[in-house]
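Read through the structure below, which is laid out as structure tokens, and then see the notes.
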Amino acid sequence: MSGVALTVKVPQPHAPFSSLSNPSSTSSISRSRSTAINFDLATCFRQMGLYSFGFRARFRRRDRILNAASSSAGAVELGFREIQEKCCKWQWNGHSITYLVLHPPQPRSSNPPLLLVHGFGASIAHWRRNIMILAESQTVYAIDLLGFGASEKPAGFAYTMEKWAQLILDFLYEIVGKPTVLIGNSVGSLACVIAASESTNGLVRGLVLLNCAGGMNNKAIVDDWRIKLLLPLLWLFDFLMKQRGIASSIFERFKQRDNLRNILLSVYGNKESVDEDLLQIIKEPADEEGALDAFISIVTGPPGPNPVQLLPRISLPILVLWGNQDPFTPLDGPVGKYFASLPSQQPNVSFCILEGVGHCPHDDRPDLVHEKLIPWLASLSRLHTTTTSS
């Protein structure tokens with residue numbers, strides 16, 4: 001990209017996204033928390049008498065973005081029942097799939113729609129603290145993957161990462177019909193990565209990955225010394241889970257309210273986010289017919305494609321957000337280390353560490369997620385506007 005007479009440098013195509021990444025993210029894994037200083041450029045320009053013409057419009061836009069991000073902590077939270085009442089049904093390969101759609105009050109064609117994809121054991125309602133703030137500026141879709149939430153849980157179905165990815169691609173084609181930013185958590189992130197790597201019709205506009213999983217289950221993470229130590233136990237667990245009576249007993253204990261609360265408390269950094277609604281979001285679908293079959297198939301099935309092989313193929317803008325207190329995919333594990341190293345290898349990737357946050361950042365600390373996500377989405381929209389007008 002060329003400059004102008006004043007030798008003002010114009011960013012490279014992916015610069016708006018790279019500039020959001022933390023240049024010291026990787027080193028900060030082993031470093032204590034540092035104090036961020038917010039240097040307000042708008043105030044400085046006002047004091048120097050330069051807050052005029054182009055600066056005025058630019059800083060007004062900046063203020064709107066930051067105000068939207070800062071207000072997200074107090075944004076309206078959708079209740080579990082309210083979300084259920086707003087949902088729609090879609091038939092996919094003979095199976096009923098539940099989804100939600102919310103439109104912004106003033107739609108803008110430059111703002112791409114978003115598709116939210118939950119993680120293991122979760123559902124649309126796990127995005128309860130994100131949907132409303134995101135829908136202020138963009139059309140928001142959220143989906144229950146087959147086997148989860150209010151979507152069908154067919155008996156005998158063999159769940160795989162590839163099938164979930166195909167479901168996402170078919171949903172984009174049949175329901176959304178526009179280039180869309182995919183936002184996923186855990187295995188939902190991995191399903192989005194697979195979908196983006198296989199998309200051939202231009203319907204994936206960008207990726208946001210929240211603590212992306214390395215596979216459908218722990219058998220994918222064989223490079224982690226912790227998994228290697230537990231590998232014989234994982235094989236035994238697989239064998240036991242294929243005995244339906246044993247699997248049923250384990251599953252029943254897993255979804256008991258007190259056990260479920262303890263599991264969630266170990267996964268969340270912000271313990272106050274583990275409330276009664278969250279327990280209901282996880283427990284109610286687990287009580288439905290077919291939930292046990294889905295549980296068995298997912299934990300004993302093939303782990304699926306590895307993100308390490310898929311991400312180099314993807315040139316789309318990617319934002320990776322990672323809670324540094326994740327016990328499932330820790331930052332010092334092979335998956336966390338790989339994603340932390342990506343910005344130095346791929347200029348389309350931004351990586352941000354979220355301090356004191358667990359495996360589900362969007363529900364654990366939505367304010368921190370929105371602080372990074374909303375400006376990134378705004379950059380994506382501006383890049384699209386610039387590209388289409390040039």
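One-based numbering along the sequence shown.
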Say whether, by atom type as modelled, one donor and one acceptor occur between the side chain of [X] and the main chain of [Y] under 3.5 angstrom.
{"X": "R129", "Y": "D363", "answer": "yes"}
{"X": "H95", "Y": "P154", "answer": "no"}
{"X": "T98", "Y": "A150", "answer": "yes"}
{"X": "Q325", "Y": "G269", "answer": "no"}
{"X": "S379", "Y": "P375", "answer": "yes"}
{"X": "N185", "Y": "H359", "answer": "yes"}
{"X": "N259", "Y": "R253", "answer": "yes"}
{"X": "D275", "Y": "L278", "answer": "yes"}
{"X": "S186", "Y": "G119", "answer": "no"}
{"X": "N270", "Y": "R365", "answer": "no"}

Handout entry: Evaluation steps, side chain to side chain contact (heavy atoms under 4.5 Å, CB included), between E371 and D367
Key = CA-CA 6 Å; E371 186 179 280; D367 54 325; over 6 Å; no
Can you find a pair of side-chain heavy atoms, one from [X] and one from [Y], that are under 4.5 Å apart?
{"X": "L169", "Y": "Y173", "result": "no"}
{"X": "P317", "Y": "N348", "result": "no"}
{"X": "W127", "Y": "I83", "result": "no"}
{"X": "P104", "Y": "T139", "result": "yes"}
{"X": "C212", "Y": "W322", "result": "yes"}
{"X": "L319", "Y": "L207", "result": "no"}
{"X": "R108", "Y": "S137", "result": "no"}
{"X": "V208", "Y": "L373", "result": "yes"}

Which heavy-atom pair separates [X] from [Y] by the least distance, and what is that distance?
{"X": "L203", "Y": "G177", "value": "CD2-C, 4.0 Å"}
{"X": "V176", "Y": "P113", "value": "CG1-CG, 3.8 Å"}
{"X": "S381", "Y": "P112", "value": "OG-CD, 3.6 Å"}
{"X": "P105", "Y": "A135", "value": "CD-O, 3.8 Å"}
{"X": "A291", "Y": "P285", "value": "CB-O, 3.6 Å"}
{"X": "D364", "Y": "V267", "value": "OD2-O, 4.4 Å"}

Is atom [atom1] of [X] surrounded by more than 12 heavy atoms (other residues, nucleotides or ligands) closer than 6.0 Å?
{"X": "K89", "atom1": "NZ", "result": "yes"}
{"X": "Q309", "atom1": "CD", "result": "yes"}
{"X": "E272", "atom1": "CD", "result": "no"}
{"X": "Q345", "atom1": "CD", "result": "yes"}
{"X": "K178", "atom1": "NZ", "result": "no"}

Problem - Centroid separation F171 to W90 less than 6.0 Å - result: yes
Problem - Between Y159 and F157, ring centroids under 6.0 Å - result: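 Yes.
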Problem - Plane angle bin for H126 and H362 - parallel if under 30°, tilted between 30 and 60°, otherwise perpendicular - result: perpendicular
Practice task
For the residue pair F120 and F148, categorise the inter-ring angle as parallel (less than 30°), tilted (30 to 60°) or perpendicular (more than 60°).
Solution key: perpendicular
Which value, rounded to the nearest 0.5 Å, describes the distance between [X] atom [atom1] and [Y] atom [atom2]?
{"X": "I97", "Y": "I143", "atom1": "CD1", "atom2": "CD1", "result": "6.0 Å"}
{"X": "Y338", "Y": "T329", "atom1": "OH", "atom2": "OG1", "result": "14.5 Å"}
{"X": "M216", "Y": "I298", "atom1": "CE", "atom2": "CD1", "result": "6.5 Å"}
{"X": "T200", "Y": "E198", "atom1": "OG1", "atom2": "CD", "result": "9.5 Å"}
{"X": "L116", "Y": "I183", "atom1": "CG", "atom2": "CD1", "result": "5.5 Å"}
{"X": "C192", "Y": "L190", "atom1": "SG", "atom2": "CG", "result": "9.0 Å"}

Exercise for the section: Take N111 and Q138 through the test side-chain hydrogen bond (donor to acceptor under 3.5 Å, both in side chains) and record every step on the way to the result. Expected result: CA-CA 6 Å; N111 292 351; Q138 300 180 250; 5.2 Å; no
Exercise for the section: Can you spot which of V369, D326, N324, L368 makes a side chain to side chain contact (heavy atoms under 4.5 Å, CB included) with P361? Expected result: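 Testing P361 for a side chain to side chain contact (heavy atoms under 4.5 Å, CB included) against V369, D326, N324, L368 leaves exactly one candidate, V369.
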Handout entry: Salt bridge D277-R81, side-chain N to carboxylate O under 4.0 Å
Key = no
Problem - Charged N-O contact under 4.0 Å between D332 and K337 - result: no
Exercise for the section: Give the C-alpha distance, both sets of side-chain angles, the deciding distance and a yes or no for side chain to side chain contact (heavy atoms under 4.5 Å, CB included) between L145 and V117. Expected result: CA-CA 8 Å; L145 294 173; V117 185; 4.0 Å; yes
Practice task
Take E284 and Q84, measure what side-chain hydrogen bond (donor to acceptor under 3.5 Å, both in side chains) needs, and give me the verdict at the end.
Solution key: CA-CA 12 Å; E284 188 166 300; Q84 288 181 320; 3.1 Å; yes
Exercise for the section: Take I133 and I374 through the test side chain to side chain contact (heavy atoms under 4.5 Å, CB included) and record every step on the way to the result. Expected result: CA-CA 9 Å; I133 182 67; I374 291 173; 3.9 Å; yes
Handout entry: F295 six-ring face occupied by K153 cation (under 6.0 Å, within 45°)
Key =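 So K153 doesn't make the cation-pi contact.
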Problem - Derivation and outcome, side chain to side chain contact (heavy atoms under 4.5 Å, CB included), residues E276 and Q280 - result: CA-CA 6 Å; E276 288 303 312; Q280 194 67 12; over 6 Å; no
